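Quick notes on the structure that follows.
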Amino acid sequence: MAIRLGDNQYGKAEVRLVRVTRDTDRHTIRDLNVTSQLRGDFTAVHTTGDNTNCVATDTQKNTVYGLARKHALGAIEEFALLLARYHVDGFGFVHGARMEIEEYPWDRIATVDGAHDHSFVRGGGGTRTTLVVKDGPTETVLSGVTGLTVLKSTGSEFHGFPRTEFTTLAETTDRILATDVTARWRYIGTDVDWDASHDSIRRIIVETFAVQHSLALQQTLWEIGRAVLEAHPEVAEIRFSCPNKHHFAVDLSAFDMDNPGEVFFAADRPYGKIETTVERDDAPSAGRVWESVPGFI
Ligand SMILES: O=c1[nH]c(=O)c2[nH]c(=O)[nH]c2[nH]1
């Protein structure tokens with residue numbers, strides 16, 4: 001019986017990096033969570049424990065901090081590409097890298113004298129994400145957002161679905177629609193204004209959610225994806241994984257009260273789970289990149 005080593009990657013997960021820029025009294029801060037993983041010829045470390053070709057995960061962690069000190073920290077996509085190239089270009093036995101970064105938003109605290117120079121409050125609007133997968137010279141960037149919570153109090157219907165022996169759900173032409181958007185979109189190439197692209201896509205997501213009259217969360221995600229691809233030629237595809245956060249109108253008839261869509265029970269589970277891809281017909285192939293992204297179809 002022949003046994004061989006299959007696919008593998010390794011590195012340091014969730015390296016927490018806070019980077020302060022203090023060239024002037026007006027500081028800026030960046031708050032990142034970086035997962036660094038390498039792919040390559042790691043047969044010896046697995047099969048014999050020979051670590052000659054094993055860049056220690058501790059070294060990978062220190063590389064995150066060292067490169068953050070050495071270089072001005074740009075967009076997370078740029079930093080992830082820097083980390084991936086550093087390893088793949090620097091070690092002959094490292095053939096690829098998977099660098100994943102989340103960025104937690106901070107806003108300046110507003111005071112009577114204006115926005116404060118060095119005090120911050122955690123920002124809303126979800127967490128920005130990126131995943132760079134480098135396979136030799138081929139670089140794929142998947143960027144996204146997670147935990148972008150949105151709700152509309154009307155403008156959402158759901159009806160016309162099959163009624164089986166187990167169906168109890170009432171048809172509705174007026175319901176709350178709420179979700180925590182997790183989206184990732186795949187860029188074509190790496191010559192992108194990352195911050196501008198991300199800001200615009202995030203704005204399209206929330207604006208389309210707001211103005212689109214919804215007949216199903218699936219339809220809303222399709223319309224959001226379509227709007228993103230129409231406005232952003234640099235994006236090949238966008239994928240969503242979104243809970244349908246059900247809000248049930250409470251039956252107040254026991255108290256002799258009606259409930260014209262005003263009092264709801266916000267259920268936290270179970271929730272609908274809707275996963276949707278919107279892609280260009282002529283998009284370049286993604287290869288196997290999505291296989292390394294849990295939670296997406
Ligand atoms: O937007 C929805 N999509 C569904 O597939 C679904 N299923 C369900 O019970 N409620 C909803 N709502």
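It should be emphasised that the depicted structure is a prediction, and the values quoted were computed from it without experimental measurement. For ligands, and for the atoms within them, numbers begin at 1 and follow the listed sequence.
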Numbered atoms and elements of ligand 1 in range of [X], under 4.0 angstrom, heavy atoms:
X	answer
Ala216	1 (O)
Gln218	1 (O), 2 (C), 3 (N), 4 (C), 5 (O)
Asn244	1 (O), 2 (C), 11 (C), 12 (N)
Leu217	1 (O), 2 (C)

> Should the proximity of Leu177 to ligand 1, defined as any heavy atom under 4.0 Å, be assigned to the side chain, the backbone, both, or neither?
Replying inline: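 Neither; nothing of Leu177 gets under 4.0 Å from ligand 1.
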
Polar contact flag, side-chain donor to acceptor under 3.5 angstrom, [X]-[Y]:
X	Y	answer
Ser241	Thr182	no
Ser253	Asp251	yes
Ser143	Glu77	yes

Heavy-atom nearest neighbour in the protein, as seen from atom 4 (C) of ligand 1, with distance rounded to 0.1 Å: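 Looking only at protein heavy atoms, the one closest to atom 4 (C) of ligand 1 is Phe158 CZ, 3.4 Å.
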
> Which protein non-hydrogen atom lies closest to atom 9 (O) of ligand 1, naming both residue and atom, and how far is it?
Replying inline: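 Protein heavy atom with the smallest distance to atom 9 (O) of ligand 1: Leu169 CD2, 3.4 Å.
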
Report the relative orientation of the aromatic rings in Phe93 and Phe91; use parallel for angles under 30°, tilted for 30 to 60°, perpendicular for over 60°.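 Because their plane-to-plane angle lies in the 30° to 60° range, the rings of Phe93 and Phe91 count as tilted.
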
message = Taking the six-membered ring for Trp, are Tyr10 and Phe42 closer than 6.0 Å centroid to centroid?
response =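 So the answer is yes for these two rings.
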
Can Arg122 be said to sit on top of Trp106's aromatic six-ring, NZ or CZ under 6.0 Å from centre and within 45° of the ring axis?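 Pair Arg122/Trp106 counts as cation-pi.
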
Original post:
Does ligand 1 have an atom under 4.0 Å from some heavy atom of Arg175?
Top reply: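 Yes; Arg175 lies near enough to ligand 1 that a heavy-atom distance drops under 4.0 Å.
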
